[in-house]
Amino acid sequence: MRLKNHKSDFIDQSEVLSFIFNNKSYKGYKGDTLASALIANDVLFYARSFKYGRKRGLMGSGVEEPNALVSLEIGGRYTPNLKATEVMIYDGLSAVSSSNPNSIDFRALIKPLHRFMPAGFYYKTFIKQKVWAMVEDSLRSLAGFSKAPTEKDEDVYDHIFHHTEVLVVGGGVAGITAALEVLNNSKTTRVILVDERAHLGGELFNEFQSDDTAISWHHDNLSKLLEFKNVANSRLKIFSRSTAYAWYDHNYIEVLQTNATGESLISGGTQAARKVLHKIRAKEVILATGAHERPILFETNDLANIMLSQSVRRYLNEFGVISGKDVVLYGNNDSIYSTAIDINNNEINCKVIDIRPSGGESETVLKAKKLGIEVLQGYAVLKAHGTNLVKGIEVSSVEVQGKKWRLTGPSKRLNCDLLASSGGFNPVVHLDCHCGAKTFFDEGSQAFLPQKVRKNRQVCGSISAIGFWKDVVIDAKNKAQLTLLSLGEIKKSTQDSMSENYLDYYNASQFFVPIEILNRPKVFIDMQNDVTTLDVALAIREGYRSIEHIKRYTAMGFGTDQGKTGNINGIAVAAQFLDVPLSEVGTTTFRPAYTGVDFGAMAGREVGGFFDPQRYTTIHDSHLESGAEFEVVGQWYRPWYYPKSGEDIHQAVNRECLAVRTSLGMMDASTLGKIDVQGKDSREFLSRVYTNAWMKLAPGSCRYGLMCNEKGMIIDDGVSACINDNHFIMTTTTGGAASVYSALEMWLQTEWSDLDVHLSSVTDQFATVAVVGPNARNLMKVLCHDIDFERDNFKFMQWRPGTVCGVEARIMRISFSGELAYEINIEANYGRYIWDEVALAGKQWNITPYGTESMHVLRAEKGYIIVGQDTDGSMTPMDVNMNWILAKDKPFSYIGRRSFSISALNSDDRFQLVGLLTKDAHVVLPEGSHIINNKGGSIGYVTSSYFSPILRRSIAMAQLKGGLSKMTEIVLVKIVQEKQGLKEIPCEVSSSVFYDIEGEKVDGNE
């Protein structure tokens, strides 16, 4: 319900908003969260649990909420598994529960069988694949989570990179104070302040009702902070509604900022980003992340309207809503009395049940009693009563006997419609632990605290178990001083003293886990995954002792809340059953992400065309006009083949290949990677990155090179041209251009910085038209008149500068087909013009454009490898029978050379490149097919396989174990036929060179 005449700085009651939840219409105010608006409308059920299908209500008020998962909107703005506590309402909002609590649920109907579904039930029951296959779809539909989106996301997301001296995570009292202290004591230090809430202040807002000094402190210090943000050249950035969800090495932290939840962000024709992923690198980090309240365990503690005490207090003070009229506050620390006082001040009936015995009460406790609030000290809740909603509780007297809690008296029943509990506070140490920091258990505060000393990081406030906000101010100033000292901004830090009881401000008792309660059924630890205390006991009985193993066996903390409220209680339960201290049990491992992160936010703008850009050569339009079919190679759209009317791919490829072999073909080779290498040490550089010799290559010449990594494995190949002694043009494979360039830059910048070499990627700057076939020389004489193309004057593996159809060009005589070939390299803008001119001039020889499929056939006929197809990252030059390319007399070792001395790389039993000729010349082996031995085991696989039109038979290349020693042997290749099933094809092992073995065709018709 909504309290009348309640004043709040968070909601604007003058602006009424309409929204829909589970197909019913409701109204709320601007500033409401979906959770607070639903409480105001007396909606108490939000979802069903994972295993048992039990109706669940709100438990928390923020990121710690385990139950209230909703799906927002439909279509392209559909977002699953959001927490209702974090969704700000807007006019027209439409949300549904991730698992509708109002529908009939199969899991709830099998309630008598719940006792047979403990931890490990699914593992044991469905371990057999056949059984799992029968129930998989049904079980997944009962998972309790939203359905995955099926439509394209309409929203956009941004990534922004930041560098700062100080990053403050947390915008409560500690965060505000720390940021101000840094800014006030330095004139240059930049500060970024991050907080997950919409308003800075954190839990301080809960003190406004009872502490006027809290109001004035917040107003004054927030105003001072905003002054830094509003000045020109501000050193302060504030990110609200932003969660720091991951901390990586070197103080790199990722922060997700939510600009809107589900409303449309299109305005005036522009679309704003729904969420922004801030990637922050900071010199120093101050963690002021606070603490989450933890519940106390009792039987059927999962009934709706059993909440955390501080959450009830927050809903009351910030939003003016509460979900009950007869409230019980239950806990082991003084914070429950503060909540009781605020509830009492709003004229709502409440009582307090405190497990601690009477005596030595704090001022807060005495104040509550003075107000007439009924208090039961030395009592504990044993069980909550109600079908789905709490209607009453069963309580009993308790006391500490030795070091353990014990029930000491008969139970009695009390009525209530809202139960708010507090079992202490869990410091939010998650971020700090992402990079390996360790927590320790502090007996005084009964909490796991962050590592005390860590380089370039400070912690302050509730994360250090400091409860009173005025002590937090002092602590934050002290830690900010240490940060300034680390930055060198001050020479000496000042450290003020806090109050005597600053580490135990709430006077929390030890964990309340009496064995009489833990052994009861339905004492839930993890609300989302239905993990109970008996599940933990079972895991321990079955041999699991490590908390990590217990977590995985029970699924504790696997949900969207990642155990923020339940896991520490689970650790305490495990400690009780194991009869060891909590410190010995330890915590589970905290890993990114702290909260859920949208896939869209991770991708940012790099989606669609920006994720995998479509690259086109300047000749692309001519290919389209020729009817080309395309394939994508390294993001480039390359012509695959050029079908004529009625031709399929096989007919088109056969025609193109025969044209190249018998007359003349042309190909767009613009996509080959091209790297401009310049500097006086260019020869030495090439000699180090390629396996063969480069020191004596004359200007005007070209050379094929093979490139290996440090392990001796082939990573790329290509032809490089010597322009002059200090200038080379290196070509790479199309797909390897970017990775090769990066690798070469890495070597230059990290290992060979003494070399005078500069690299530039010029792939996009040049277009390349390859003219190939016996009549290629005749055509070039027509196209270019200032170069002597005679065989003896322009030899194979040479290049010449010239003019082609009026355009300056570099013409290289290199071949990837074995035929006479020239590659015309011109400025990219002239690419289409030259292509069209070549096509026009070549008509007298019936010039035929050919694509990548024909190129593959032609190169395979000659046994030329394609890196990445005939090699797989584990092939050395020896494996592909290219020992001839390994220089033996280089003064400086080339990359990979040392690895060739490893005996394993010189074994005769390695996979080696060979040719395969099927006994039936018309059978084309599927690529990837395995070669088998007489026992049916794999001894190799087919890497390339085609039908050769010039040879009129199939050919294949394969990696075969010890293949070079098996020439002429017959091996079996197992293939899968569509109707006949498996079939074994006999093949003869041969040389990988099938056509023009002597290499006579490379000079053309002569």
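All of these numbers come straight from a predicted model, not from anything done at the bench.
In this structure, S753 contributes its side chain and T750 its backbone to no donor-acceptor pair below 3.5 Å. Using a distance-only test at 3.5 Å, with no hydrogens or angles considered, no donor-acceptor pair links the side chain of S929 to the main chain of I975. A distance-only check finds a donor-acceptor pair linking the side chain of Q959 to the backbone of D870 [under 3.5 Å]. In this structure a side-chain-to-backbone donor-acceptor pair under 3.5 Å is missing from K674 to A737. For S954 (side chain) and V923 (main-chain N/O), a donor-acceptor pair under 3.5 Å exists by modelled atom type. In this structure a side-chain-to-backbone donor-acceptor pair under 3.5 Å is present from T618 to A828. Judged purely by atom type and a 3.5 angstrom limit, K974 has no side-chain atom pairing as donor or acceptor with the backbone of I932. Proximity of a side-chain donor or acceptor of Q651 to a complementary backbone N or O of D648 within less than 3.5 Å is detected. In this structure a side-chain-to-backbone donor-acceptor pair under 3.5 Å is missing from S742 to S739. Checking side-chain atoms of S945 against main-chain N and O of A956 turns up no donor-acceptor pair under 3.5 Å.
Looking at residues two or more places apart in sequence or on another chain, you find a salt bridge (charged side-chain N to carboxylate O under 4.0 Å, His left out) between R813 and D1003. The salt bridge (charged side-chain N to carboxylate O under 4.0 Å, His left out) search around R683 returns D725, not counting sequence neighbours. The salt bridge (charged side-chain N to carboxylate O under 4.0 Å, His left out) test applied to K966 returns no partner, not counting sequence neighbours.
The shortest side-chain heavy-atom distance between E819 and D996 does not fall under the 4.5 Å cut-off. Counting heavy atoms from C-beta on, the side chains of T918 and P986 never come closer than 4.5 Å. Residues S944 and H856 are not in side-chain contact: their nearest non-hydrogen atoms beyond the backbone lie 4.5 Å or more apart. Using a 4.5 Å heavy-atom cutoff, the side chains of R661 and L858 are in contact. Under the 4.5 Å side-chain criterion, counting only non-hydrogen atoms from C-beta, R655 is in contact with T848. Inter-residue side-chain proximity for E656 and M855 is flagged as unmet; no heavy-atom pair is nearer than 4.5 Å. Using a 4.5 Å heavy-atom threshold, the side chains of D681 and W752 count as separate. The closest side-chain heavy-atom distance from L624 to F630 is below 4.5 Å.
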Between Y642 and E647, does the side chain to side chain contact (heavy atoms under 4.5 Å, CB included) criterion hold? Intermediate values first, please. CA-CA 9 Å; Y642 297 81; E647 283 186 336; over 6 Å; no

Evaluate side chain to side chain donor-acceptor pair (under 3.5 Å) for R638 paired with T852, printing each intermediate quantity in order. CA-CA 7 Å; R638 298 195 68 178; T852 54; 6.0 Å; no

As a quick check of understanding, evaluate side chain to side chain contact (heavy atoms under 4.5 Å, CB included) for M882 and I865, giving each step before the final call. CA-CA 10 Å; M882 293 176 66; I865 67 169; 4.3 Å; yes

For a side chain to side chain contact (heavy atoms under 4.5 Å, CB included) check, start with the C-alpha distance between R897 and K890, then their side-chain angles and the critical distance, and finish with the verdict. CA-CA 10 Å; R897 181 178 184 178; K890 288 187 182 183; 3.9 Å; yes

Would you check, one step at a time, whether the test side chain to side chain contact (heavy atoms under 4.5 Å, CB included) holds for M730 with L744? CA-CA 12 Å; M730 173 192 293; L744 297 183; 3.8 Å; yes

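Screening L916, I931, I955 for a side-chain contact (heavy atoms from CB on, under 4.5 Å) involving L925 leaves a single residue, L916.
Residues P926 and V942 approach most closely at O-CB, 3.9 Å, considering heavy atoms. Taking every heavy atom of both residues into account, Y641 and A652 meet most closely at CD1-CB, 3.7 Å. Contact record, Y894 with A887: CE2-O, 3.6 Å, taken as the closest heavy-atom pair.
Ring geometry, W694 versus Y690: the interplanar angle falls under 30°, so the pair is classed parallel (tilted spans 30 to 60°).
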Cut-off 3.5 Å, no hydrogens considered: what does the side-chain donor-acceptor table look like for residues 698-708, sequence neighbours left out?
| unit_1 | atom_1 | unit_2 | atom_2 | d |
| --- | --- | --- | --- | --- |
| S701 | OG | A698 | O | 3.4 |
| R703 | NH1 | A693 | O | 2.6 |
| Y704 | OH | D717 | OD2 | 2.6 |

Using a 3.5 Å cut-off and no angle test, enumerate the donor-acceptor pairs between side-chain atoms of residues 834-844 and protein atoms at least two apart in sequence or in another chain.
| unit_1 | atom_1 | unit_2 | atom_2 | d |
| --- | --- | --- | --- | --- |
| D836 | OD1 | S622 | OG | 2.8 |

Show me the donor-acceptor pairs, under 3.5 Å and distance only, between side chains in residues 899-907 and residues at least two apart or in other chains.
| unit_1 | atom_1 | unit_2 | atom_2 | d |
| --- | --- | --- | --- | --- |
| S899 | OG | E710 | O | 2.5 |
| S901 | OG | R898 | O | 2.6 |
| N906 | ND2 | F900 | O | 2.6 |
| N906 | ND2 | I902 | O | 2.9 |
| S907 | OG | D909 | N | 3.1 |

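Remark: R688 fails to qualify as a cation-pi partner of W747 under the 6.0 Å distance and 45° angle criteria applied to the six-membered ring. Both the sub-6.0 Å distance and the 45° axial angle are not jointly satisfied by R605 relative to the ring of F610.
Using modelled atom types and a 3.5 Å distance limit, the side chains of D676 and Q678 yield a donor-acceptor pair. For R859 and Y946, the side-chain atoms include at least one donor-acceptor pair closer than 3.5 Å. With hydrogens and angles left out, the side-chain atoms of W640 and E629 include no donor and acceptor closer than 3.5 Å. Looking at T617 and D668, their side chains do bring a donor and an acceptor atom within 3.5 Å of each other. Remark: the N825 side chain and the T768 side chain contain an N/O donor-acceptor pair separated by less than 3.5 Å.
Checked against the 6.0 Å centroid criterion, the rings of F728 and F685 do not qualify as a close aromatic pair.
Atom OH of Y830 is surrounded by 12 or fewer heavy atoms from other residues, nucleotides or ligands within 6.0 Å.
A salt bridge links R615 to D764: one of the charged nitrogens lies within less than 4.0 Å of a carboxylate oxygen. Between R832 and E625 there is a salt bridge, since a side-chain N of the basic residue sits under 4.0 Å from a carboxylate O of the acidic one.
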